[in-house]
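First the structure, in the form of structure tokens, and then the observations on it.
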2 protein chains.
Amino acid sequence: MTGKKNKVMRLTSQRKVILEELRKVTSHPTATEIYDMVRERLPRISLGTVYRNLELLSSNAIIQKLDFGEAQKRFDGNPEPHYHISCSECGRVDDIHIPLNRELEDKAADYSGYEISGHHVEFRGVCPNCRDKAATRH
Amino acid sequence: MTGKKNKVMRLTSQRKVILEELRKVTSHPTATEIYDMVRERLPRISLGTVYRNLELLSSNAIIQKLDFGEAQKRFDGNPEPHYHISCSECGRVDDIHIPLNRELEDKAADYSGYEISGHHVEFRGVCPNCRDKAATRH
DNA sequence: GTATTTGCAAATACTTTGCAAAACC
DNA sequence: GGTTTTGCAAAGTATTTGCAAATAC
């Protein structure tokens, strides 16, 4: 019905550690960053395994795969929809937990005729750290 | 001051045709789609040139580079900020010209301490075509 | 016991880049 | 005339995949 595969997802040590490490941070790491984090606990894990698990976990809505237009995708251990902001200076990505604006979806549906299933908001700006650094330079 | 290069951007036939073709459509084509469109008028143009021009034009805010999490980036001949919606069935991308919600930026600034420079909203849903097709199938 | 998952390495997909020749202003 | 841009081909980067061995249940 939903098109999802019906395979049982086994709890391998690799999968468990990837999920644990991802849930520890709010930094929205890339696949290679996660690889590095996980390798401290599982030195023999391969990058391919990390990619495969991130793909599987995100397609099962256990984590989120994010794309901020950079070369590498990022991952978020929190599967609940929420907004994000990225710093144009240092590239860091933070969560923005303001309430989702459902009215936007109604407007978009009226405008487009689409049947809307969700939306995402990405803010751009300069993070407090980088703003302070810039100020210090004067 | 702004970090932009000060080179003069020359009006080559390749650049002109790329821009013209991109402005003709609202389909948010990928680089290879633009390559195919342009090649009908300039059969000897190379894909590298298309990429270089799309990069240059978007970094000069003459066009927009968009990323919907697919493998390929997409391009929009309209440089004005506006929202987008993509169809989860067929992948098409449409503009949503509802007014930008600046209040969201204020809320995000309050929440995060960032200095916000802009935001983008992406809706997901099923386009009218695909909805009709799905209905017909029953 | 059997289907899923892993590590490894090779393959793929998209985009970028070096360079000499051509084009623009 | 000097700088930018092009075509071409090769390189780069991120991600995916085939396969035999290992693992989970």
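Excluded from the calculations below are hydrogen atoms, water molecules and symmetry mates; all remaining heavy atoms, backbone and side chain alike, are included.
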Can you give me the N/O atom pairs linking the protein to nucleotides 22-25 of chain D at distances under 3.5 Å, or say none if there are none?
residue: D/dA24; atom: N3; partner: A/Arg10; partner atom: NH1; Å: 2.9
residue: D/dC25; atom: OP1; partner: A/Leu11; partner atom: N; Å: 3.0

Option passing salt bridge (Lys or Arg N to Asp or Glu O under 4.0 Å) with A/Glu55 (candidates A/Arg15, A/Lys65, A/Lys73) = A/Lys65
Which whole-number value in Å describes the distance from A/Gln72 CD to C/dC14 C1'?
-> 14 Å
Measure the distance from CD on B/Glu70 to P on C/dT15 and round it to the nearest whole Å.
-> 11 Å
Measure the distance from CG on B/Leu42 to P on D/dT5 and round it to the nearest whole Å.
-> 16 Å
For B/Phe75 and C/dC14, what is the distance between atoms CZ and C1' respectively, to the nearest whole Å?
-> 11 Å
For residues A/Ser86 and A/Arg124, is any side-chain donor paired with an opposing acceptor at under 3.5 Å?
-> yes
Salt bridge or not for A/Arg39 and A/Asp36, using N-O below 4.0 Å?
-> yes
With a 4.0 Å cut-off, would you call B/Arg41 and B/Glu20 a salt bridge?
-> yes
Interatomic distance, A/Tyr35 OH vs D/dT15 P [rounded to whole Å] | 14 Å
Hey, what's the ring geometry for B/His28 with B/His82, parallel, tilted or perpendicular (30° and 60° as the breaks)?
-> tilted
Quick one: B/Lys73 NZ to C/dA13 C1', roughly how many Å, whole number?
-> 12 Å
Go through A/Thr32 and A/Gln72 one step at a time and tell me if the side chain to side chain donor-acceptor pair (under 3.5 Å) criterion holds.
-> CA-CA 9 Å; A/Thr32 49; A/Gln72 295 182 70; 3.1 Å; yes
Separation of D/dT4 P from B/Gln14 CD (nearest whole Å) = 17 Å
Short N-O contact, B/Arg92 and B/Asp94, less than 4.0 angstrom | yes
Closest-nucleotide 5' rank along DNA chain C - winner of B/Thr30 and A/Leu56 = A/Leu56
C/dA21: pairing nucleotide in any strand, Watson-Crick or G-U under 3.5 angstrom | D/dT5
May I ask whether A/Ile62 and A/Val25 are part of the same hydrophobic cluster, defined by side-chain heavy atoms of I, L, V, M, F, W, Y residues being less than 4.5 angstrom apart, directly or through others?
-> no
Taken to the nearest whole Å, CG/A/Asn53 to P/D/dT15 is 15 Å
Considering only nitrogen or oxygen atoms on both sides, find all protein atoms under 3.5 Å from nucleotides 16-22 of chain C and state each distance.
residue: C/dG18; atom: O6; partner: B/Arg52; partner atom: NH1; Å: 3.3

Are side-chain N/O atoms of B/His84 and B/His120 paired as donor and acceptor at under 3.5 Å?
-> yes
Is the distance from OP1 or OP2 of D/dT5 to the nearest side-chain N or O of B/Arg15 less than 4.0 Å?
-> yes
